[in-house]
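Data block below; observations after.
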Amino acid sequence: MGELRLMKGNEAIAEAAIRYGVDGYFGYPITPQSEVIETLMARKPWEETGMVVVQAESEVAAANMLYGGAACGKKVMTSSSSPGVSLKLEAISYIAGAELPALVVNVVRGGPGLGTIQPAQSDYFQAVKGGGHGDYHLIVFAPNSVQEMADFVEDTYELAIKYRNPAMILSDGIIGQMMEKVELKDFKPRFTDAEIKEKFGSWATTGKTPDRERNIVTSLELQSELQEKHNHKLQAKYQQMRETEVRFESTNTEDAEYLLVAYGSSSRICRKAMELARDKGIKVGLLRPITLFPFPTKQLAELANQVKGMLSVEMSAGQMVEDIRLAVNGKVPVEHFGRYGGIIHSPDEIVNALEKQIIKG
Amino acid sequence: MEVKDIIKEENLAYKKTKVLTDNEMHYCPGCTHGVVHKVIAEVIEEKDIQENTIGISPVGCSVLAYNYLHIDWQEAAHGRAPALATATSRLMPDKYVFTYQGDGDLASIGAAEIIHACNRGENIVVIFINNGIYGMTGGQMAPTTLEGMPTSTSPYGRDIKLSGHPLKMTELVANLPGTTFVARHSAETAGAVRKLKKAIRKAFDNIDEKKGTSFIEVVSTCSSGWKLTPEASNTWMKENMFPFYPLGIIKDE
Ligand SMILES: Cc1ncc(C[n+]2csc(CCOP(=O)(O)OP(=O)(O)O)c2C)c(N)n1
Ligand code: SF4
Ligand SMILES: [Mg+2]
């Protein structure tokens, strides 16, 4: 059993990063995620593991530091909240194009614009559809507990390395700010220079030694035929992720007549809503996508053969609902319910919505 | 007789450094970029740091600088090279990290990144190619474009009322405590190239001593953007750029 602590989600992710052996963190303060960099600066991991922590001049710079660090074959991470992530998209697109592993954390707050500092889930599209320019995808994990905030650092980074693709932890202000018990993993040593050379020697900019050609990290390819080929390679990677990396959690789906679909904080509220509905005799199940990209399309398509309708419950005006509809392809009604702009829906509101929009509708 | 018949060991008075690749450069005739590439490559060879040098190329005509120097490279987003260099140098403190940036890249879109990297005193070298114009995109006005100078987005000459004043980045970063060596050079004559090389050598030597940021501006020409012959460009540079961007060492600590 690892060390048990009571921590905020933002603190847990910082601690997990140190323990996982992250080499560099680059951030810029923004509510509700500033505790990530505050925790790191207070912990001084450079004295303990050698991890570099930089408060950048902007999210633009922080994300481009991420790009430079990733290009060196180092494990690198940045975190922010919605308006800051918009600024990071430039570098994220370059990192995806240059095929580098890196981790971005978004502790989402309500928008658009400066919006509110209260929690929301309104950055789903930005996270799973690419966000920046060009045809690319991030690997996107959505934690619904402080424990998962900590665990997903390693889970996402391992996939980021496996696919040479940036990953995102799409959290929200509730998970970032709330305190829960968390079991921390033991410290892992950071990769040594020799390990980096062995694992990433074919592309990392660690210095051109005589035993290899020079490594060039770039997203530029001016010849259209080659750029198309590069895009084909990226698409093949995304397809492989869709086939092998989907993670989800299903509860009470065996006998379900209706399905709630929710991720992150909203999935916790849906658990309570499901109990309330079951008390009323409505057979409700819950599917929680853990990976938002790749999305549990197949699982939802299968459940569409069983249930009479689905309700996507998101703290947004309805974004994931579009992916559910694509998965279900018109077989059963799929509706959205959610409060947003920083308001959190209650379990009662969800049950009401289910009855009004799906069962009676 | 063909060129290959002339290039024989016994005829050689000067040899291309092995740090330069054999790729044919894509730059226009007379362009300053190629000369500066060569000088950097020679310094890398003389210091014997090819295995330990990481270049960060910009977005601009020199975006493909990585095709010409036999070292590891990162190709940054427009203006962001100092951010990549910051991370690279912090994560690999024993490496020689340099950015190579044009004036649009460094003085306009990347103004924040360069100022903060210099202010933090990142242990890097910055090579700043100031040709007073956006060469790559076809000759638009840059922050460094001189007053009255015509470009495709200032076709009647740069109007200060409309577009503000030409920006002297080098004087600006010299004011920051994080910079240790700040100089402005040119590369239009053999003598100028020699001085430039000395400065670039010193800048890379400063990395050994962990002295902070070394910043070298090269006042340059862009014959295509300026719509002048290479020779006329050099004359125009001397008559117009040098008075506004005076050459010399601005800071050496
Ligand atoms: C974000 C972004 N904005 C604009 C461009 C288009 N662009 C490419 S190069 C360039 C200007 C480069 O000028 P400079 O830095 O002076 O380099 P030069 O070509 O003169 O050497 C611009 C605006 C881009 N590639 N990316
Ligand atoms: S456009 Fe100007 S800067 Fe670009 S290669 Fe030609 S001369 Fe050089
Ligand atoms: Mg220029």
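Contact of B:Asn67 with chain A is made through backbone and side chain together, with heavy-atom distances under 4.5 Å. For A:Ala204, the part sitting under 4.5 Å from any heavy atom of chain B is the backbone (N, CA, C, O) and nothing else. Neither the backbone nor the side chain of B:Ser57 comes within contact range of chain A; no heavy atoms are under 4.5 Å apart. Using a 4.5 Å cut-off between heavy atoms, A:Arg212 contacts chain B through its side chain alone, with no backbone atom that close. Proximity to chain A is limited to the side chain of B:Thr86, based on heavy atoms less than 4.5 angstrom apart. Only the backbone of B:Leu69 comes within contact range of chain A, with at least one heavy atom under 4.5 Å from a heavy atom of that chain. Looking at B:Ala85, there are no atoms closer than 4.5 Å to chain A (heavy atoms on both sides), in backbone or side chain.
The candidate from A:Ala56, A:Cys72, A:Ser219 with the greatest count of non-hydrogen atom pairs under 4.5 Å with chain B is A:Cys72. Each of A:Leu220, A:Val54, A:Leu222 has some count of heavy-atom pairs under 4.5 Å with chain B, and the biggest count is that of A:Leu220. Note: B:Ile71 leads B:Val63, B:Val97, B:Ile71 in heavy-atom pairs under 4.5 Å with chain A. Chosen from A:Asp193, A:Thr218, A:Val217, A:Asn64, the residue pairing most often with chain B at heavy-atom distances under 4.5 Å is A:Asn64.
Salt-bridge formation is detected for the pair B:Arg120/A:Glu57: a Lys NZ or Arg NE/NH1/NH2 atom is positioned less than 4.0 Å from an Asp or Glu carboxylate oxygen. Ion pairing between a basic and an acidic side chain is recognised when a charged N comes within 4.0 Å of a carboxylate O; B:Lys95 and B:Asp72 show no such pairing. Under a 4.0 Å N-O distance rule, the pair B:Arg90/B:Glu122 qualifies as a salt bridge.
For the residue pair A:Asn231/A:Gln227, the side-chain donor-acceptor check at 3.5 Å is satisfied. Side chain to side chain, A:Glu38 and A:Asn10 fail the donor-acceptor criterion of an N or O pair below 3.5 Å.
In this structure, A:Tyr94 has its ring center at least 6.0 angstrom away from the ring center of B:His78.
One finds the CG atom of B:Asn131 at 7.0 Å from the CH2 atom of B:Trp226 (value rounded to the nearest 0.5 Å).
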